Participant: 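The structure is given below, and queries will be raised subsequently.
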Amino acid sequence: MQPITQKSFIKISDFEWEIPVDFCSDMRVPVRVFASQALLQDAFKDQSIEQAVNVSTLPGLVEAVMVMPDMHQGYGFPIGGVAGTDIETGVISPGGIGYDINCGVRLLASRITLEEATPFLSDLASMLNQLCPSGVGVGSQRKLSDADLVEVCIRGANWAKGDPYTEPQDLQRTEDQGCLAGADPGKVSSRAMERGRKQLGTLGSGNHFIEVDLVTEIYDEVAAEAMGLFAGELAVQVHTGSRGFGHQICTDYVRRLQGAVAKYGIKLPDKQLVCAPIASEEGQDYLAAMRCAANYAFLNRQILTNKVRQAFEIVLAGKVDQWHLKQVYDIAHNIGKFEHHLVDGVKKTVCVHRKGATRAFGPGTQGLPAEYQEIGQPVLVPGSMGTSSWVLTGTHTSMERSFGSCCHGAGRVMSRSEAKRNVWGETLLKELEKVGIEIRAGSMSGLAEEAPQAYKDVDQVVQSVVGAGIAKKVAVLTPLIVIKG
DNA sequence: ATGTAC
């Protein structure tokens with residue numbers, strides 16, 4: 001492939017760029033990048049655009065390979081990548097979904113004011129840290145039987161319906177009601193089951209977190225009110241995924257699908273793009289196992305949500321009038337889904353791979369809760385540790401240009417190892433405490449990996465997607481408490 | 001992201 005530069009792109013708008021399909025002979029669809037000129041320049045620092053061009057050679061692609069402004073290099077596919085394939089002629093690729101299957105974010109809203117909460121923030125941070133197990137390889141108090149885990153795979157967040165802290169609205173306000181159909185635990189290895197049994201209800205490490213935020217700015221009052229977000233009041237974000245369970249499923253199927261690549265004669269520019277035809281036995285088995293991990297992750301966020309509610313109750317009940325936490329939304333940002341999209345004016349079922357990209361359905365889209373039909377789907381964009389997060393909504397343009405998808409965060413500019421070389425965890429901890437953030441972190445090297453300087457400016461990422469029209473600003477959240485593994 | 005290499 002010839003080197004990719006600014007000149008390789010056609011400018012569609014100030015925030016949308018396209019590498020045409022004739023850039024190299026193996027491309028089947030164009031590569032469409034949503035970014036400001038500055039963030040597009042940043043993308044040349046790693047292989048993310050090259051990876052998107054590689055993806056564009058996969059069989060059965062539809063419309064374009066899209067890349068979000070928070071892109072960075074990943075396994076085969078760039079993180080921030082969206083690829084839709086034809087369900088009859090196309091492929092499914094585990095690398096297009098990621099190792100942390102159904103990693104995602106849940107947002108809870110409260111009517112607690114900052115003034116009310118301030119005296120209790122330190123206790124609240126400690127209680128959240130105590131009730132929510134976190135860290136690499138950390139297990140849960142609860143150990144599931146294999147039969148329990150089979151049920152978890154099939155029922156997803158519904159499994160927590162009996163928990164006194166689960167509310168009916170939680171499920172209604174979760175992507176796909178917290179349960180994907182077509183999960184088959186019979187397609188999950190015993191090794192994955194073994195890892196999964198021990199980790200349900202744990203946060204993990206890396207960029208996973210629980211954060212108590214203050215709603216600091218409102219850009220869209222109608223949408224914010226529909227979501228229950230009000231300036232000066234607290235909100236909570238839970239960011240985690242399917243832990244070792246999803247990781248093992250991805251590992252297992254990356255290996256198995258290597259056989260499928262040879263068997264079906266698929267030509268790949270990069271071995272990491274390992275895939276199988278959707279219609280094949282291998283492809284169907286991966287999808288069935290992936291959905292088990294997706295359901296596990298939906299439930300994992302539900303269980304942690306319930307722990308967060310318990311922590312709020314213990315610390316705030318009797319002291320703060322309305323300490324209740326109401327769900328705003330829960331979205332996946334590492335997932336493969338069958339969805340209906342208009343392609344060249346024709347409605348078509350597409351297998352949408354979203355890796356480090358969230359769903360962002362516009363107003364009127366089927367599957368959104370009634371209260372979000374007019375405003376569009378809430379899009380949750382956490383910033384890097386210690387920086388602001390954004391709440392956005394999907395738009396008609398996102399439905400037309402990005403298969404109803406948007407960015408998922410700030411996006412790395414430094415690798416984990418590079419961040420550890422450049423940042424001392426203890427110094428960072430002191431800096432965060434100095435600006436008034438209550439932080440509970442399991443490991444100092446883990447903290448260094450997540451340093452804000454290792455990430456892009458989330459505000460610039462958001463300006464890009466808003467400028468491109470694929471999302472609309474609703475609210476800004478600023479961190480008060482951060483719990484990290 | 002991840003029992004950060006079976």
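Since this is a predicted model, take the numbers as computed values, not measurements. Order of the sequence lines fixes the chain letters, A, B, ..., with proteins taken first and strands second; residue numbering starts at 1 for each chain.
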Participant: A:Y296 OH to B:dT2 C1': how many Å, rounded?
Facilitator: 13 Å

Participant: If you compare every side-chain N and O of A:S205 against the phosphate oxygens of B:dT2 (OP1, OP2), does one of them come in below 4.0 Å?
Facilitator: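 Answer is yes, contact under 4.0 Å.
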
Participant: Which whole-number value in Å describes the distance from A:H247 NE2 to B:dA5 P?
Facilitator: 10 Å

Participant: Does a donor on one side chain and an acceptor on the other come within less than 3.5 Å for A:R106 and A:Q327?
Facilitator: yes

Participant: If you look at every strand shown and take non-hydrogen atoms under 4.0 Å, does A:E194 touch a base, only sugar-phosphate, or nothing?
Facilitator: nothing

Participant: If you look at every strand shown and take non-hydrogen atoms under 4.0 Å, does A:G206 touch a base, only sugar-phosphate, or nothing?
Facilitator: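 Sugar-phosphate contact only.
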
Participant: Which whole-number value in Å describes the distance from A:Y99 OH to B:dT4 P?
Facilitator: 14 Å

Participant: If I take atom CZ in residue A:R191 and atom P in nucleotide B:dC6, what distance separates them, rounded to the nearest angstrom?
Facilitator: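 About 7 Å, once rounded to whole Å.
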
Participant: Quick one: A:R255 CZ to B:dC6 P, roughly how many Å, whole number?
Facilitator: 9 Å

Participant: Quick one: on DNA chain B, does A:R416 or A:E449 contact a more 5' nucleotide (nearest heavy atom)?
Facilitator: A:R416

Participant: With sequence neighbours left out, write down each residue that passes side chain to side chain donor-acceptor pair (under 3.5 Å) with A:D184, or none if nothing qualifies.
Facilitator: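 Expected list: none.
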
Participant: CG of A:N300 versus C1' of B:dT2: gap in Å, rounded?
Facilitator: 14 Å

Participant: Is the positively charged end of A:R309 above the ring of A:F312, judged by distance under 6.0 angstrom from the centroid and angle within 45° of the axis?
Facilitator: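 No.
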
Participant: Taking only residues two or more places apart in sequence, or in another chain, which ones meet A:R243 in a salt bridge (Lys or Arg N to Asp or Glu O under 4.0 Å)?
Facilitator: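 Here no residue qualifies.
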
Participant: Which whole-number value in Å describes the distance from A:Q199 CD to B:dT2 C1'?
Facilitator: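 Nearest whole value for this atom pair: 9 Å.
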
Participant: Could you tell me how far apart A:Q248 (CD) and B:dC6 (C1') are, to the nearest whole angstrom?
Facilitator: 11 Å

